[in-house]
Amino acid sequence: MTTTTLDERFVKPRLRDRLVVRPEIGALLGAVVVFLFFTIVTDKFFSASGAATWLDDAATLGIMAVAVSLLMVGGEFDLSAGVMTASTSLVTAILSTAAGWNVWLALLVSLVFALAVGAFNGWLVMKTGLPSFIVTLGTFLALQGLNLGVTRLVTGTVQVSGMRSTDGYASAGFVFASTVNIGGTPFQISIVWWIGVAAVASWLLVRTRFGNWIFAVGGSAPSSRAVGVPVVRTKILLFMGTALAAWLVGSINILRFATVQANQGIGLEFQYIIAAVIGGCLLTGGFGSAVGAAIGALIFGMARQGIVFAGWDSDWFMLFLGIMLLAAVLVNNAFRRRAERVRR
Amino acid sequence: MSHRLKRGKLRPRGIRAGRAGIGRVSTGRVRAGLVAVAGLLLLSACTGPAAEVKTTAPPSAPVDKGPLKVAVITHGTAGDAFWNVVKNGAEQAGKDLGVQVEYNSDGDPGAQAKLIDNAVAQGIGGLVVSMANPEALQPSIEAAVHAGIPVITINSGEDKSAAFGALTHVGQNESIAGEEAGKKFKDLGKKKLLCVIHEAGNVGQAQRCDGAKTGFGGAVQTLQVDITNPTDAESRIRGAVQTDSSIDAVLTLNSQVAARAVSAIKTAGSKAQVGTFDLNSDVVSAIKAGDVLFAVDQQQYEQGYLPVMFLKLYRDNANVVGGGKPVLTGPDLVDKSTVDKVGQYVQRGTR
């Protein structure tokens with residue numbers, strides 16, 4: 001009797017309904033489907049060394065996708081994110097190989113460089129009111145030219161190598177590029193970074209005041225400004241966030257592969273956005289999840305490596321990848337619609 | 001009650017836009033998960049990249065008989081005419097010799113390294129790798145060697161091949177090939193050479209132009225174009241020969257770019273003549289027509305075919321080839337005298 005008179009806000013929603021409103025649930029389901037598919041179709045996909053391979057592929061993509069998802073929830077894009085991973089690698093590599101600096105110092109300077117570019121992106125977007133799509137496209141092209149030009153100027157060739165013989169390589173390599181041996185199979189440390197970044201970003205988005213600001217500025221900048229949300233600061237910090245992630249991925253890459261090509265990272269920015277969208281981020285902003293983006297990257301990694309495990313002719317590779325991604329996004333979309341029904 | 005209040009305080013104030021019921025579930029479980037991960041990390045041995053095991057001894061051949069499975073992993077982009085011939089070579093060898101060949105490629109060194117890790121995880125019987133960026137592939141290739149998988153490097157990375165523990169290298173020495181091309185232009189009496197680079201990040205192309213500089217002896221200028229944008233490539237070459245009318249020779253490093261150079265020179269009314277690396281049917285007809293003087297063919301079909309054969313011989317008969325020296329597939333200079341014979345093989349995708 002009493003239950004019927006209770007206000008609906010006090011009624012605990014059913015578990016199914018509580019799950020379905022989460023933005024990452026579609027991605028999670030997609031990940032399970034992709035995982036099961038390749039586990040059944042191939043022999044070695046579901047083995048320790050197999051998992052190490054696709055987790056490795058998903059990890060660096062995932063670190064970026066998580067940062068990009070926060071930015072997208074905040075209503076902006078960053079097209080310079082892919083090239084930025086190469087730029088930070090190049091700064092670190094040039095300073096430590098050509099200038100002979102300690103790797104840690106070089107990493108610090110490239111971090112400052114990355115944060116400066118991120119802040120510049122954010123500042124310019126807020127200052128001019130131009131879409132971030134245009135502003136960061138400009139930064140993307142500028143960085144691409146800078147990468148090639150500076151590399152050629154300093155080294156006379158198009159790649160910087162020789163990181164393994166620099167000061168502090170061993171300790172920096174231990175932090176960013178070591179492998180963790182679990183049951184005899186080496187797993188890349190980048191997987192741990194990926195989980196860490198996803199956890200921190202998720203906490204930031206769901207548990208802090210800053211997280212609320214992100215949802216607010218992405219939902220409607222004018223109304224959030226009206227209620228006292230620092231829109232400019234929030235957005236600039238978000239751009240600096242993707243730059244920070246790009247620095248992390250750049251550092252992982254340069255210390256792991258010990259070499260960087262001037263044209264590295266071009267085109268990856270779309271993969272980050274795709275992973276974030278698979279993970280439930282709306283392209284229009286105001287809705288999304290960091291954990292979802294991490295799972296989106298996992299789907300991407302599993303599909304990309306799973307296709308190789310399956311031994312399919314590589315000519316059709318992109319077609320398979322495209323279909324898998326579309327399927328994941330469609331499943332995701334269906335869930336979101338259901339979620340919106342539940343919420344009403 | 002107090003617990004609820006505490007939770008309420010922790011929850012951020014302000015606007016909750018666009019989300020409902022997120023994030024209240026199971027912080028305890030998340031915490032437990034984190035503790036578990038941390039515990040695993042503590043228990044397991046961490047290995048830094050500097051501490052990797054290096055094997056210089058030749059790897060032991062895998063014991064399993066049955067069909068040999070070979071992974072061919074290159075740095076060519078999908079759809080590249082040059083690498084298509086390599087793929088054809090590897091697949092034909094697989095058919096001829098009863099070897100299961102899987103071809104994969106990625107131009108990004110990191111992604112290529114992951115493809116190698118993937119192949120190792122699959123437990124393949126032999127690995128064929130092109131090393132455009134040896135340093136980036138080093139850990140993955142050494143891991144393969146360590147796992148007892150015989151490795152043969154192809155196309156590029158000749159000087160690092162043996163050090164990484166590969167059985168042999170099959171390819172063309174880029175510097176030597178560039179030098180040959182430069183010498184040919186010099187013999188033809190050319191005075192100023194334009195060397196067209198079409199991939200910004202490719203070391204081999206830089207080596208070819210440097211080699212051409214050595215062989216040519218005269219003035220050499222390099223030009224950067226983008227192979228994915230043929231219009232851009234053509235207009236840049238046109239601009240270069242228009243600006244400097246003393247350029248009388250153009251060396252392109254790819255057959256598609258050669259065709260662009262020929263039409264650029266025609267529209268610019270320049271007297272320059274084209275020589276190129278790599279063959280395709282356009283280049284064959286251009287050589288026949290006299291628009292292209294010669295093509296440096298590295299016979300990449302062999303770079304696909306031979307390693308598969310070598311790996312089969314290695315497994316079944318413990319044969320090794322080259323004695324630590326690379327097996328050279330080129331350069332073979334194709335000009336008007338040999339183009340008729342070679343041309344027919346270009347048509348079927350094997351030259």
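Quick caveat, the model's predicted, so the values are computed rather than measured. Note on naming: letters A, B, ... go to the chains in the order of the sequence lines (proteins, then strands), and numbering restarts at 1 for each one.
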In A:D313, A:V308, A:I307, the residue satisfying side-chain contact (heavy atoms from CB on, under 4.5 Å) with B:N104 is A:V308

Honestly, the part of A:R304 sitting under 4.5 Å from a heavy atom of chain B is neither

If one checks every heavy atom of A:M163 against chain B at 4.5 Å, the contacting part turns out to be backbone

Q | Salt-bridge contact B:D117-A:R256 (side-chain N to carboxylate O under 4.0 Å) | A | yes

Ranking A:S202, A:S289, A:G162, A:A52 by heavy-atom pairs under 4.5 Å to chain B gives rank one to A:G162

- Message: Is any side-chain heavy atom of B:Q122 closer than 4.5 Å to one of A:F309?
- Response: yes

Among A:S161, A:P186, A:S47, the residue with the most heavy-atom pairs under 4.5 Å to chain B is A:S161

Under 4.5 Å to a heavy atom of chain B? For A:D315 that would be both

Query raised in the report: So do A:R164 and B:Q138 actually touch side chain to side chain, heavy atoms under 4.5 Å?
Result: yes

Looking only at side-chain N and O atoms, does B:N133 offer a donor or acceptor that is under 3.5 Å from a partner on A:Q261? yes

Looking only at A:S171, A:G218, A:S49, most heavy-atom pairs under 4.5 Å shared with chain B are made by A:S49

Margin query: Within the 4.5 Å heavy-atom criterion, are A:Q188 and B:K114 side-chain neighbours or not?
Written below: no

Between A:G50 and B:A121 the two heavy atoms that sit nearest each other are N-CB, 3.9 Å

Checked B:A136, B:G110, B:A71 vs chain A; the most non-hydrogen pairs under 4.5 Å come from B:A136

- prompt: For A:W203, does the CH2 atom have more than 12 heavy-atom neighbours from other residues, nucleotides or ligands under 6.0 Å away?
  reply: no

One option among A:T53, A:T60, A:I266, A:D43 has the most heavy-atom pairs under 4.5 Å with chain B, and it is A:T53

Rounded to the nearest 0.5 Å, the CD atom of B:Q112 sits from the CZ atom of A:F257 at a distance of 10.5 Å

Bottom line for B:K69: the part with an atom under 4.5 Å from chain A's heavy atoms is neither

Is a side-chain donor or acceptor of B:N118 paired with a backbone partner of A:Q305 at a separation under 3.5 angstrom?
yes

Under 4.5 Å to a heavy atom of chain B? For A:D57 that would be both

